[in-house]
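Heads up: the structure comes next, in structure tokens.
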2 protein chains.
Amino acid sequence: MTIHDVARSAGVSRQTVSRALNDKAEIDGSTKQRVLDAARALGYRPSRFARGLVRPDTTTIGLVVPDLLNPFFTEVASGALEAARARGWHVVVHDTADDPDQELATLRVIGTQVDAVAGYFGRSDDDLARLTAGIPVVLIGREPRSPRFPGVGIDGEDGVREAVAHLVSCGHRRIGMLDGHPAPSVRRRWFLRAAAEYGVAVQPGWIAAGAQSVDGGGAALADLLAAHPDVTAVFAFNDVMAIGALREARRFGLRLPADLAVIGFDGLALGTLVEPELSSVAIDTRAVGALAVEQAARLVTGAEPLDPAELIVRARLHLRESA
Amino acid sequence: MTIHDVARSAGVSRQTVSRALNDKAEIDGSTKQRVLDAARALGYRPSRFARGLVRPDTTTIGLVVPDLLNPFFTEVASGALEAARARGWHVVVHDTADDPDQELATLRVIGTQVDAVAGYFGRSDDDLARLTAGIPVVLIGREPRSPRFPGVGIDGEDGVREAVAHLVSCGHRRIGMLDGHPAPSVRRRWFLRAAAEYGVAVQPGWIAAGAQSVDGGGAALADLLAAHPDVTAVFAFNDVMAIGALREARRFGLRLPADLAVIGFDGLALGTLVEPELSSVAIDTRAVGALAVEQAARLVTGAEPLDPAELIVRARLHLRESA
DNA sequence: TTGAAAGCGCTAACAG
DNA sequence: CTGTTAGCGCTTTCAA
């Protein structure tokens, strides 16, 4: 079903069909209507590729995230969108549902939709290279960083240390962690290292892991407290889990932060909506997205790419009410 | 910069370049490397359109939302994503920043990226028709519904009536509303009609309007209470605003729901994270997205489209703690 | 293993 | 106002 079929059906040339469809001036009203009717009758839809081939194009970059329902990723996306807008570029957001098959499927089609790709990927560098076949790729949050693709890194080490220092200074000695799958995470390593520095001997049982979601955080806290009710503070893999922990703690009848102090990671705007407001090892989520776009832009235009050191976003402790 | 330039630079034919880039088998290792080097040196990137033209294609639909940071739209997007996945299709999400210019820019490029468009648009039907030039369009939440494009409608009338009935049955007589811009909204009309039915004479000053955001909701409540501190309950344009109102009320030192009852609209998952948990006139947000995709799918494949009556999502009151 | 030819569906430029 | 011609950049036959 091409423009040719419509042309034949309407008894005109392809060019006339094109004119009718694109609302051009140089065409007779009745001819136009006839063409439009024929197109509708045939169920004709123009090929976006053929169009793109002959029309001036806008650069668009694809942002791939594992889960749009997680506000962390929407904040990153928002930063990316804004950075792209500043250049007059477009961003389309893809959701892989945190599923390797979906990620694969996305990678297969994305090459026909965008000029560069940025985002969160689980596949190996080799797979990525093969699937993206020549279009620029920027990884976000991949740890360890890839030698092959540039990536935006998140360095939470100092921030986590601040968090542990704060908890210790408040008198906490039994500090647990709610890790997120896949565990153990880098954030856990930062936590354990900081705890060791401050003389907190974290017992293996003080760490529980759960899905990176509100419910996962709640479940992890329940597990943790069931085995170790004497833990007085927890550091969560991210804010979403921390918020789940807050809710779970309330259900347990714990007072916050008196009975249990909670510190999250990410510094989401969401943290100011819950009660008590969430303390968090915060990163500039919008900067993460903006840097990814900036690097993608340099790759696309052939400008000098940003240096790995410039592509690191550092975390800082934001103290609010929950700790 | 085309495949031709690379071929010339590497001293091979275009097909050989194609083979090298796409990791095909029938190519000598050293030739491949030479081609790859030349491509890199030239900064060559294949045209996604030319590729799309000759490669089997996956259908993708574009979902256009005004603000990805608003969880309502991410819930809708999530429903759309899931419905598309069930058919093996893809969805890309576009954010227009609630800005007519961005919407225009998006519409201009979207035709080269997707096979159908669904979402929230402010432009006139004529503009939409011209800009989308033949690709199927599904409107979401447009009120009144367009005669030209199919759309998913939201009917909150019964739900709002339930909400007002509930408030009245709890003894509330001075019930205000926090409307969202652009005001007055359809939801306000539902509210006023329901209030009239239940004998509540809503004074003009009991209605304040604000941005459709957390801060907007907080500001609107502040305005409302400053002028009419005797209002004992408010219905908010949406949950996000309601949550802002909750926060503002806490800052005012009001007890919830004893001093002020709050009911939102949308039924977001977010509502269960705040304290008190938010009562809301809830709609099935995922169904909204799913219906939009379903209709787009029918338009794309030429199947019998869904009837306007089937494209309506009705709201129901979900009572939690805030009212 | 490589190259030549053909054509994907569309629109801009030009001719009529 | 309408049709003809000529590509856009790429990959897939098929032949060498």
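Proteins come first, then strands; the chains are lettered A, B, ... in the order of their sequence lines, and each starts at number 1.
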Phosphate-side-chain proximity, B/T16 and C/dT2, N/O vs OP1/OP2 below 4.0 Å: no
Taking only side-chain nitrogens and oxygens of B/T31, does any of them come within less than 4.0 Å of OP1 or OP2 of C/dT2? yes
Taking atom types as modelled, is there a side-chain donor on A/Q15 or A/S13 under 3.5 Å from an acceptor on the other? no
Will you find, in the side chains of A/D126 and A/S124, an N or O donor that is under 3.5 Å from an N or O acceptor? no
Are the charged groups of B/R34 and B/D37 less than 4.0 angstrom apart, N to O? no
Can B/D125 and B/R142 be counted as an ion pair, charged N to O under 4.0 angstrom? yes
Show the nearest heavy-atom pair for residues B/Q212 and B/G180, with the distance to one decimal. CG-CA, 4.1 Å
Are there more than 12 heavy atoms of other residues, nucleotides or ligands under 6.0 Å from atom CZ of A/R123? yes
Could you encode protein contacts along nucleotides 6-16 of chain C as a string, one character per nucleotide from 5' to 3', using B for base contact, S for sugar-phosphate-only contact and - for no contact, with a heavy-atom cut-off of under 4.0 Å? -BBBBBBB---
Would you write out the dot-bracket form of DNA chain D, 5' to 3', with Watson-Crick and G-U pairs under 3.5 Å, [ ] for crossing pairs, | for pairs to other strands and . for unpaired bases? ||||||||||||||||
Rounded to whole Å, how long is the line connecting atom CD of A/E26 with atom C1' of D/dT2? 10 Å
Take the protein atom CG of B/D28 and the nucleotide atom P of C/dG3, then report the distance between them rounded to whole Å. 11 Å
Which of these, A/T112, A/T60, A/D115, sits in a side-chain hydrogen bond (donor to acceptor under 3.5 Å, both in side chains) with B/R48? A/D115
Scan residues 291-311 of chain B for pairs that pass ring pair (Phe, Tyr, Trp, His ring centres under 6.0 Å), counting only residues two or more places apart or in two chains. none
